[in-house]
Amino acid sequence: LVEAGSRFVGVDNGSWDTHFSQFPSLKEDLIPSADRAFSALVTDLEDRGLLDDTLVVWVGEFGRTPKISSNGGRDHWPQCYCAVLVGGGIKKGFVYGASDKIGAFATVGQARPEDLGKYTM
């Protein structure tokens with residue numbers, strides 16, 4: 001799609017709503033498939049010479065509660081979450097911001113979802 005000139009491509013990797021049994025879901029299903037797909041996409045874009053001109057953004061709609069629930073999961077937590085940006089001129093290995101020691105709140109370099117475009121354009 002990128003080679004054909006699409007300016008925006010959305011990819012969905014199923015539900016990451018791990019409100020219960022989070023650790024088995026992540027280990028057995030979610031992380032392995034996401035890792036393979038994301039790394040294959042970035043490698044393919046790089047091999048084809050498209051990565052410098054293509055911004056890949058990996059985000060979810062929420063962060064997750066810093067504490068595990070009684071159901072063995074984590075609920076929605078909009079106060080702190082992360083994004084991964086690759087290509088499109090983004091400096092490799094750069095980390096922006098930090099959270100407190102339990103991942104509950106941003107402590108350095110807080111950015112809101114609406115700021116994402118501002119930092120990447």
Side-chain angles (χ1 to χ4, degrees):
L1 291 171
V2 172
E3 283 180 315
S6 289
R7 295 181 48 88
F8 182 87
V9 178
V11 179
D12 187 341
N13 188 40
S15 176
W16 283 70
D17 252 354
T18 55
H19 295 282
F20 57 91
S21 302
Q22 173 180 323
F23 296 105
S25 295
L26 290 171
K27 182 179 180 180
E28 298 165 15
D29 182 39
L30 296 172
I31 291 176
S33 64
D35 182 51
R36 285 190 304 272
F38 188 78
S39 61
L41 172 62
V42 171
T43 299
D44 190 50
L45 288 169
E46 186 171 42
D47 289 350
R48 294 168 184 263
L50 298 168
L51 189 57
D52 287 342
D53 297 322
T54 305
L55 179 62
V56 179
V57 180
W58 182 355
V59 295
E61 84 283 18
F62 278 104
R64 293 288 167 189
T65 53
K67 295 184 180 178
I68 305 302
S69 71
S70 61
N71 295 328
R74 294 169 65 196
D75 295 322
H76 296 168
W77 185 258
Q79 290 85 345
C80 189
Y81 49 98
C82 64
V84 176
L85 285 73
V86 178
I90 297 295
K91 183 178 176 182
K92 293 179 181 180
F94 178 74
V95 175
Y96 177 84
S99 70
D100 61 12
K101 68 181 182 178
I102 63 169
F105 299 97
T107 58
V108 176
Q110 180 179 7
R112 296 173 309 271
E114 58 268 24
D115 294 326
L116 189 58
K118 178 172 61 176
Y119 294 118
T120 59
M121 301 280 182

Testing Leu51, Leu41, Leu50, Val56 for side-chain contact (heavy atoms from CB on, under 4.5 Å) with Val2, which one passes?
-> Leu50

Identify the two heavy atoms, one from Lys92 and one from Glu46, that lie closest to each other, and give their separation to 0.1 Å.
-> NZ-OE2, 4.1 Å

Kindly assign one of parallel, tilted or perpendicular to the pair His19 and His76, based on the angle between their ring planes and the thresholds 30° and 60°.
-> tilted

hydrophobic_cluster_shared for Leu85 and Val59, side chain cutoff 4.5 Å = yes

Which residues satisfy the side-chain hydrogen bond (donor to acceptor under 3.5 Å, both in side chains) test with Asp44, sequence neighbours excluded?
-> Arg48

Close side-chain approach of Trp16 to Leu26, heavy-atom, < 4.5 Å = yes

Taking all heavy atoms of Ser6 and all of Val9, pick out the closest pair and write down the distance.
-> CB-CG2, 3.9 Å

How long is the span from the CZ atom in Arg74 to the CZ atom in Phe20, to the nearest 0.5 Å?
-> 15.5 Å

So how far is it from Thr107 OG1 to Lys101 NZ, rounded to the nearest 0.5 Å?
-> 12.5 Å

Counting only heavy atoms not in Ile102, do more than 12 sit closer than 6.0 Å to its CD1 atom?
-> yes

Separation of Ile68 CD1 from Ser70 OG (nearest 0.5 Å) = 11.0 Å

Mind listing the closest non-hydrogen atom pair of Gly63 and Tyr81 along with its distance?
-> CA-CB, 3.2 Å

For Ser99 and Cys80 the tightest heavy-atom approach is CB-SG, 3.6 Å

Indicate yes or no for a side-chain donor-acceptor contact from Thr65 to the backbone of Trp77 under 3.5 Å, with no hydrogens or angles considered.
-> no

Give a yes or no on whether Val95 and Trp58 share a hydrophobic cluster (residues Ile, Leu, Val, Met, Phe, Trp, Tyr; joining criterion: side-chain heavy atoms under 4.5 Å apart).
-> no

Atom OH in Tyr96, atom CD in Gln110: separation rounded to 0.5 Å?
-> 8.5 Å

Could you state whether Val11 and Leu45 fall into the same hydrophobic cluster, counting links through intermediate Ile, Leu, Val, Met, Phe, Trp or Tyr residues with side-chain heavy atoms under 4.5 angstrom apart?
-> yes

Quick one: closest heavy-atom pair of Pro32 and Lys27, and the distance?
-> CG-O, 3.2 Å

If two hydrophobic side chains count as joined below 4.5 Å and joins carry through other members, does Leu1 share a cluster with Val42?
-> yes

Can you name the closest pair of heavy atoms from Phe38 and Val86 and give their distance?
-> CZ-CG2, 3.8 Å

Could you give me the CA-CA distance, side-chain angles and deciding distance for Asp17 and Arg64, then say whether salt bridge (Lys or Arg N to Asp or Glu O under 4.0 Å) is met?
-> CA-CA 9 Å; Asp17 252 354; Arg64 293 288 167 189; 2.9 Å; yes

CG-CD distance between Asp75 and Gln22, expressed to the nearest 0.5 angstrom = 10.0 Å

Got a sec: does the CG of Asp100 have more than 12 other heavy atoms crowding it under 6.0 Å?
-> yes

